[in-house]
Number of protein chains: 2
Amino acid sequence: MPDADFNLSEFLPYLLNQAADRQSMAFSPAYRARYGMLRTEWRVLFHLGQYGEMTAKRICEMAQLHKTKASRAVAALEAKRFLRRREVAEDRRHALLRLTPAGRAAYAHLYDAARAFDMEVQTRLTVEDARVLKRCLIKLAASEDAGGP
Amino acid sequence: MPDADFNLSEFLPYLLNQAADRQSMAFSPAYRARYGMLRTEWRVLFHLGQYGEMTAKRICEMAQLHKTKASRAVAALEAKRFLRRREVAEDRRHALLRLTPAGRAAYAHLYDAARAFDMEVQTRLTVEDARVLKRCLIKLAASEDAGGP
DNA sequence: ACTTGTTAGTTACATTTTCAACTAATATGC
DNA sequence: GCATATTAGTTGAAAATGTAACTAACAAGT
């Protein structure tokens, strides 16, 4: 019989997934219906829009994305003419990615949608709770992959 | 240029996914390595372990799971001899699912693993923050599918 | 009884993700 | 300079997921 102090319905990985799925599903029409983007594509777009030109590798690190996922998202965004690759002369293995004007326009539009969405969500939480929530999520998203000695 | 008060790296769906992925990846070896279970299978197992015999439909509602996902998870758990179906005489469309002794053993083991994991995670948050976090996640997981009139 | 509708669950097919192997460019040890 | 290792990124096959159409059992109206 389960302890009074630990109920699986409050198990953090479970709750996190429930909440993440729910919120992602609620937001996905913004990039999906209008631009035919996948979630990974939207993430790549938003990293480039937010932080400017960078390599796929860097995006993978920042977004905790596997390189094959990133590679395919970049290819898809390139096919949609939302970004271009610029080869770097010194090291031709990696390419710098940057948004095209169309990509920046989509980014600007999605940025507004995201802000509106975020504000809407926060009306359902108190200001203080929202602050705590974000702080916790940042901590949990970053935690322990430090690895070896 | 982005507002000072809204940075996409704090966009809730994004943060939730990052945190959920991270925590799920950290816990998944518990059911994956030892029992070859998928996340959905673990969820179904845990609902049956926690709440006892119920139909697939009920699990879908509780876990916010799509019926095809549940159907496949049930089939997989049945193949692993972790659960059995019991047809209901009055309405033979639905079957009650219940864990076998092997299923209950796996559940007991994973329950302990989950509790240990949860406690470990919570050492990284204050008691009060953990409480707020769970409250917010429950709210965000439940929100708005009420739909039409 | 008998068409029509609904519900629980399955199956088939397309899309997406993951895993592992691969290419190409650069760096390192000798 | 040449073998070896590492790094950035791509590709193909296998696994998993989502979508839609399907079956089987029941319900309801006529």
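So that the names make sense, note that chain A is the first sequence line, chain B the second, and so on, each numbered from 1.
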*Asks:* For the pair made of CH2 in Trp42(B) and P in dA16(D), what is the distance, rounded to whole Å?
*Replies:* 18 Å
*Asks:* In this structure, how many angstroms lie between the P atom of dA28(D) and the CG atom of Asp91(B), rounded?
*Replies:* 12 Å
*Asks:* If we count only N and O atoms by modelled type, under 3.5 Å, do the side chains of Gln50(A) and Tyr107(A) hold a donor and an acceptor together?
*Replies:*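 Yes, because at least one side-chain N or O of Gln50(A) sits under 3.5 Å from a partner of the opposite role on Tyr107(A).
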*Asks:* Examine distances only and state if a side-chain atom of Asn17(A) and a backbone atom of Pro13(A) form a donor-acceptor pair shorter than 3.5 Å.
*Replies:*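 Flag set: sc Asn17(A) to bb Pro13(A) pair under 3.5 Å.
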*Asks:* Figure out the CG/P separation between Asp21(A) and dT17(D), and round it to whole Å.
*Replies:* 11 Å
*Asks:* Do other residues, nucleotides or ligands put more than 12 heavy atoms under 6.0 Å from Met119(B) CE?
*Replies:* no
*Asks:* For Arg98(B), what residues pass the side-chain contact (heavy atoms from CB on, under 4.5 Å) criterion, not counting sequence neighbours?
*Replies:* Glu53(B), Arg86(B)
*Asks:* Please give me every residue in residues 67-88 of chain A whose heavy atoms get under 4.0 Å of an atom in DNA chain C, ordered by residue number.
*Replies:* Thr68(A), Lys69(A), Arg72(A)
*Asks:* Using whole Å, report how far CG of Leu97(A) lies from P of dA8(D).
*Replies:*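 Nearest whole value for this atom pair: 13 Å.
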*Asks:* Can you confirm whether Arg135(B) is buried at CZ, in the sense that more than 12 heavy atoms of other residues, nucleotides or ligands lie under 6.0 Å from that atom?
*Replies:* yes
*Asks:* Please report, rounded to the nearest Å, how far the C1' atom of dA15(D) is from the CZ atom of Arg39(B).
*Replies:* 15 Å
*Asks:* Using heavy atoms to find the nearest nucleotide of DNA chain D for Arg32(A) and Arg93(A) separately, return the residue whose nucleotide is more 5′.
*Replies:*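 Taking each residue's closest nucleotide, the earlier one in sequence belongs to Arg93(A).
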*Asks:* Between dA16(D) atom P and Asn17(A) atom CG, what is the distance in whole Å?
*Replies:* 17 Å
*Asks:* Does Glu90(A) reach a base, just sugar-phosphate, or nothing at all? Heavy atoms under 4.0 Å.
*Replies:*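 Sugar-phosphate, no base atom in range.
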*Asks:* Distance check needed: dA8(D) C1' versus Leu65(A) CG, whole Å only.
*Replies:*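 Those two atoms, CG and C1', are 15 Å apart.
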*Asks:* How many Å lie between NE2 on His94(B) and P on dG9(C), as a whole number?
*Replies:*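 Going from His94(B) (NE2) to dG9(C) (P), I get 7 Å.
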*Asks:* Give the minimum heavy-atom separation between Pro29(B) and Ala26(B), together with the two atoms involved.
*Replies:* CD-O, 3.5 Å
